[in-house]
Amino acid sequence: NLGTFYFYSGAYDKGVDALSKAIKINDNNMWARHNLALCLLLLGKTDEAERIINKTISINPNFPNSYTTLGWILVGRDWRVYGDVEALFKKALELSQYSEYFYFEYGDYYHERSVVYQDNNFLDQAEKMYKKVLEINPSNDMAYYRLGKCYAERDKYSEAESMLKKALDINPGHREARDMIISLRVETNNLSSAEEYSKSYDETKRFYSLTTRSNYLKLKKILDSKRIKLVAMQYPLRDVRQLKAMLAGEEGIIFVDNEPIFRDVLKNSRYSLYFKDRRGVNFGHCTAKGLRLLVENIAGVIIKEYFKK
């Protein structure tokens, strides 16, 4: 239980220690093995994570979580194996006797595959899986959110917003669903509606994990020792005040605010000209055009805040 607590709180190093001790006591503890592999994976120790999961499968080949975790490990290492690992997600679904959770995992697999290959045929499959989840549990807010995301990636704005609102009806605190509704309204030039909707919550209170803050501070300490200035860049379409709030009390940081320039260009341009997907909910991986805008803004801020002072 302690190891699982550390895992969910983002303290992965401590999670590895606690879960390793649990396995020494009971080598057949499948959940301890599974969560240990996830901790290792999130620490970037992919080979160790894969070794743990393969051993777990050899001990108990009927534990479905092992197969999906192995699938994510393999595609994380090499995206070209997406086609090869589908059998792992299918096997997990069968072993679970077609449970809600593994339909969801299978849907995520197809959604990720559609992003990597830029192929809407996989989005069709993802939608089917999320709808299966809702057949089992009509109160699954994340399934509605994922469906909304699929529709948004096809520019089906009204269908997307309908699904996102259903997610919010079930879970009013679903930040990602609210973010995406605002993003869609900006994208369709419904700016006054987007602004009104955004007033319903405080963007500056967006949650950052303790791990994220800790990593920033570790990096700043290293850079300070070398007399190098830390440049902290906020994502496109997100409020830089969130980042400043997370690093409150720290001095000598250059903050890069990308929200205004991206908001401005999207007033008269399609979202797909600047982003390939919606990985970050209200932003995604940049296209060449988006990267150029990003780089030019970063360079401009560094020149102004560092070289001209």
Side-chain angles (χ1 to χ4, degrees), residues 1-79 81-82 84-109 111-112 129 133 136-137 139-143 145-146 171 173-176 207-219 221 246:
N1 288 339
L2 180 62
T4 300
F5 167 77
Y6 284 137
F7 165 62
Y8 283 112
S9 62
Y12 305 123
D13 284 318
K14 292 182 178 178
V16 168
D17 290 340
L19 291 164
S20 296
K21 289 176 182 176
I23 291 169
K24 284 182 180 179
I25 296 170
N26 179 8
D27 195 48
N28 292 319
N29 187 330
M30 295 297 106
W31 280 111
R33 288 185 157 279
H34 176 259
N35 290 338
L36 172 59
L38 291 178
C39 284
L40 290 167
L41 183 62
L42 291 165
L43 287 169
K45 299 178 180 180
T46 308
D47 291 341
E48 289 183 56
E50 184 178 356
R51 179 180 59 77
I52 292 291
I53 283 296
N54 281 324
K55 180 69 181 297
T56 304
I57 290 172
S58 69
I59 294 172
N60 182 358
N62 295 316
F63 186 64
N65 299 69
S66 298
Y67 295 95
T68 52
T69 300
L70 180 59
W72 291 124
I73 289 172
L74 294 175
V75 297
R77 180 185 290 137
D78 184 354
W79 61 268
V81 304
Y82 263 99
D84 299 329
V85 304
E86 182 174 354
L88 294 172
F89 289 87
K90 185 176 181 180
K91 186 173 183 65
L93 183 62
E94 292 169 348
L95 286 172
S96 74
Q97 297 184 334
Y98 301 91
S99 73
E100 172 187 353
Y101 175 81
F102 288 100
Y103 268 122
F104 198 94
E105 283 282 282
Y106 210 164
D108 281 355
Y109 159 79
H111 186 259
E112 292 291 313
M129 295 299 166
V133 172
I136 298 169
N137 178 11
S139 297
N140 190 312
D141 59 306
M142 283 304 296
Y145 166 67
R146 289 286 207 278
N171 177 10
H174 200 305
R175 188 192 71 212
E176 290 87 353
F207 173 75
Y208 278 96
S209 72
L210 293 176
T211 303
T212 301
R213 174 174 165 77
S214 174
N215 288 339
Y216 263 102
L217 296 181
K218 286 177 183 176
L219 178 60
K221 186 176 181 180
M246 184 187 72

### Sequence neighbours excluded, every pair satisfying ring pair (Phe, Tyr, Trp, His ring centres under 6.0 Å) that has a member inside residues 28-62
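Only W31-H34, W31-F63 qualify under ring pair (Phe, Tyr, Trp, His ring centres under 6.0 Å).
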[atom1] of [X] to [atom2] of [Y]: how many Å apart, nearest 0.5 Å?
{"X": "L70", "Y": "I53", "atom1": "CG", "atom2": "CD1", "result": "7.0 Å"}
{"X": "T68", "Y": "L88", "atom1": "OG1", "atom2": "CG", "result": "9.0 Å"}
{"X": "L40", "Y": "S20", "atom1": "CG", "atom2": "OG", "result": "7.0 Å"}
{"X": "L36", "Y": "I23", "atom1": "CG", "atom2": "CD1", "result": "4.5 Å"}
{"X": "Y12", "Y": "L41", "atom1": "OH", "atom2": "CG", "result": "10.0 Å"}
{"X": "K14", "Y": "L19", "atom1": "NZ", "atom2": "CG", "result": "13.5 Å"}

### Task
For residues L219 and N215, determine if any side-chain heavy atom of one lies less than 4.5 Å from a side-chain heavy atom of the other.
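Not in contact.
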### Query
Is any side-chain heavy atom of F102 less than 4.5 Å from a side-chain heavy atom of L95?
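F102 vs L95: side chains apart.
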### Message
Could you work out, with side-chain contact (heavy atoms from CB on, under 4.5 Å) as the rule, every residue matching N171, not counting sequence neighbours?
### Response
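Here the qualifying residues are D141, H174.
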Residues that [X] engages under side chain to side chain donor-acceptor pair (under 3.5 Å), provided they are two or more places apart:
{"X": "R77", "answer": "D47, E50"}
{"X": "D27", "answer": "R33"}
{"X": "E86", "answer": "Y106, Y110, R113"}
{"X": "N26", "answer": "none"}

#### Entry: With sequence neighbours excluded, residues passing ring-ring contact (aromatic ring centres under 6.0 Å, His included) with F7
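For F7, no residue satisfies ring-ring contact (aromatic ring centres under 6.0 Å, His included) once neighbours in sequence are set aside.
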### Query
F104: what forms a ring-ring contact (aromatic ring centres under 6.0 Å, His included) with it, not counting sequence neighbours?
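Only Y130 meet the ring-ring contact (aromatic ring centres under 6.0 Å, His included) criterion with F104.
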Heavy-atom closest contact ([X] atom, [Y] atom, distance):
{"X": "A22", "Y": "A32", "answer": "CB-CB, 4.2 Å"}
{"X": "S96", "Y": "L93", "answer": "OG-O, 2.8 Å"}
{"X": "A37", "Y": "A49", "answer": "O-CB, 3.3 Å"}

### Y109 and V85: CA distance, side-chain angles, deciding distance, side chain to side chain contact (heavy atoms under 4.5 Å, CB included) verdict
CA-CA 9 Å; Y109 159 79; V85 304; 3.8 Å; yes
### Query
Do any pairs count as a side chain to side chain donor-acceptor pair (under 3.5 Å) and have a residue in residues 53-67, sequence neighbours left out, and if so which ones?
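Applying side chain to side chain donor-acceptor pair (under 3.5 Å) to every pair that reaches into residues 53-67, excluding sequence neighbours, yields nothing.
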### Query
Which salt bridge (charged side-chain N to carboxylate O under 4.0 Å, His left out) pairs, counting each pair once, include a residue from residues 90-108, with sequence neighbours left out?
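Output for this query lists D108-R146.
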